[in-house]
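The structure presented is a predicted model; accordingly, all values stated were derived computationally and were not measured.
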Amino acid sequence: MTSSSEKPGGGQVPGGYPGSDLSYVPVGWLIFVMAWSVYGLASAWWLVGNSGLPDKVFNFLLGGLIANVVTILWGLYLLGLAFGRSGRFPRQFIVWQIATIVWLLARQAYVLTVPDFAFSARSLSITAIEISAGLLCIYLLRRGSGAETVYAKPQSEAPPVFVSIVAALLGIILGAVIGAVGGFVAGSVIADVAEVSCFEGGCGYFAAFIGLAGLVVGAIAGGILAVWLVHRRGRKPVA
């Protein structure tokens with residue numbers, strides 16, 4: 001990406017605009033939110049076949065899973081724009097971030113008003129931090145901030161966003177499989193070397209936890225790597 005002190009074509013960014021490092025913060029935040037969503041999906045396996053939850057709680061958890069899927073797919077689209085250095089990224093990111101903040105507020109309001117949930121200061125604090133981080137990203141990408149310059153497409157034609165999304169999905173799937181298998185094997189070896197007790201399946205749970213961590217890390221790393229490779233190899237000089 002271009003630096004904050006230069007525009008494509010040799011122009012200068014007006015003084016007072018946030019530097020390129022700050023303009024990259026929203027991309028990092030997007031990746032973090034996507035990783036958190038992948039973790040949420042991976043850790044919700046226990047919901048399968050669980051009919052003992054109250055309807056309001058089950059529907060709330062199901063809604064969270066749907067929101068995680070939407071976040072991942074929408075995030076892949078935004079990553080495609082960011083890696084493609086599209087000037088549309090700032091505006092599209094702001095739309096996504098506003099939608100995410102609305103969801104966070106609605107989710108928190110639901111938890112506070114439904115009797116089946118207990119008040120949690122920790123949950124409220126995490127939501128406040130998420131909203132604050134989102135508002136900061138919106139500020140960094142606001143109109144007139146110079147972010148369009150940072151994400152301006154260079155003198156080359158980036159691969160279509162659809163190609164980036166497909167590559168990211170394949171990278172996520174492949175990375176998740178490799179990460180999960182590798183993590184489970186590593187967890188089993190660590191449990192054996194560290195002599196983790198197998199009482200009531202303790203060593204198995206430990207290996208499964210390491211496998212879950214490997215799945216999340218592998219999925220995110222695979223998706224990002226796939227998009228990066230597509231944009232590194234698929235760029236064409238502008239005629």
Do the side chains of [X] and [Y] join up, straight or via other hydrophobic residues, at under 4.5 Å, putting them in one cluster?
X: I178; Y: V217; answer: no
X: Y77; Y: V69; answer: yes
X: I138; Y: I131; answer: yes
X: F184; Y: L215; answer: no
X: L124; Y: I126; answer: no

Got a list of side-chain donor-acceptor pairs under 3.5 Å for residues 95-112, not counting sequence neighbours?
from	atom 1	to	atom 2	distance (Å)
Q97	OE1	W29	NE1	3.1
T100	OG1	W96	O	2.9
Q108	OE1	T127	OG1	3.0
Y110	OH	K56	O	3.1

On a heavy-atom basis, which atom in [X] and which in [Y] lie closest, and how many Å separate them?
X: L140; Y: P26; answer: CD1-CD, 4.3 Å
X: S37; Y: N68; answer: OG-OD1, 3.6 Å
X: A219; Y: V38; answer: CB-CG1, 4.0 Å

Assess the residue pair L76 and I172 against the criterion (side-chain contact (heavy atoms from CB on, under 4.5 Å)); give the C-alpha distance rounded to whole Å, side-chain angles, the decisive distance to 0.1 Å, and a yes or no.
CA-CA 10 Å; L76 290 174; I172 286 175; 3.8 Å; yes
Nearest 0.5 Å, what's the [atom1]-[atom2] distance between [X] and [Y]?
X: L73; Y: M34; atom1: CG; atom2: CE; result: 8.5 Å
X: L30; Y: T71; atom1: CG; atom2: OG1; result: 9.5 Å
X: L79; Y: F89; atom1: CG; atom2: CZ; result: 7.5 Å
X: S188; Y: D192; atom1: OG; atom2: CG; result: 8.5 Å

For R91, salt bridge (Lys or Arg N to Asp or Glu O under 4.0 Å) partners two or more places apart:
none
Determine which pairs satisfy salt bridge (charged side-chain N to carboxylate O under 4.0 Å, His left out) with at least one residue from residues 201-221, sequence neighbours left out, and list them in order.
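Counting only pairs at least two positions apart or across chains, no salt bridge (charged side-chain N to carboxylate O under 4.0 Å, His left out) contact touches residues 201-221.
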Which label fits W36 and F32: parallel for a plane angle under 30°, tilted from 30 to 60°, or perpendicular past 60°?
parallel
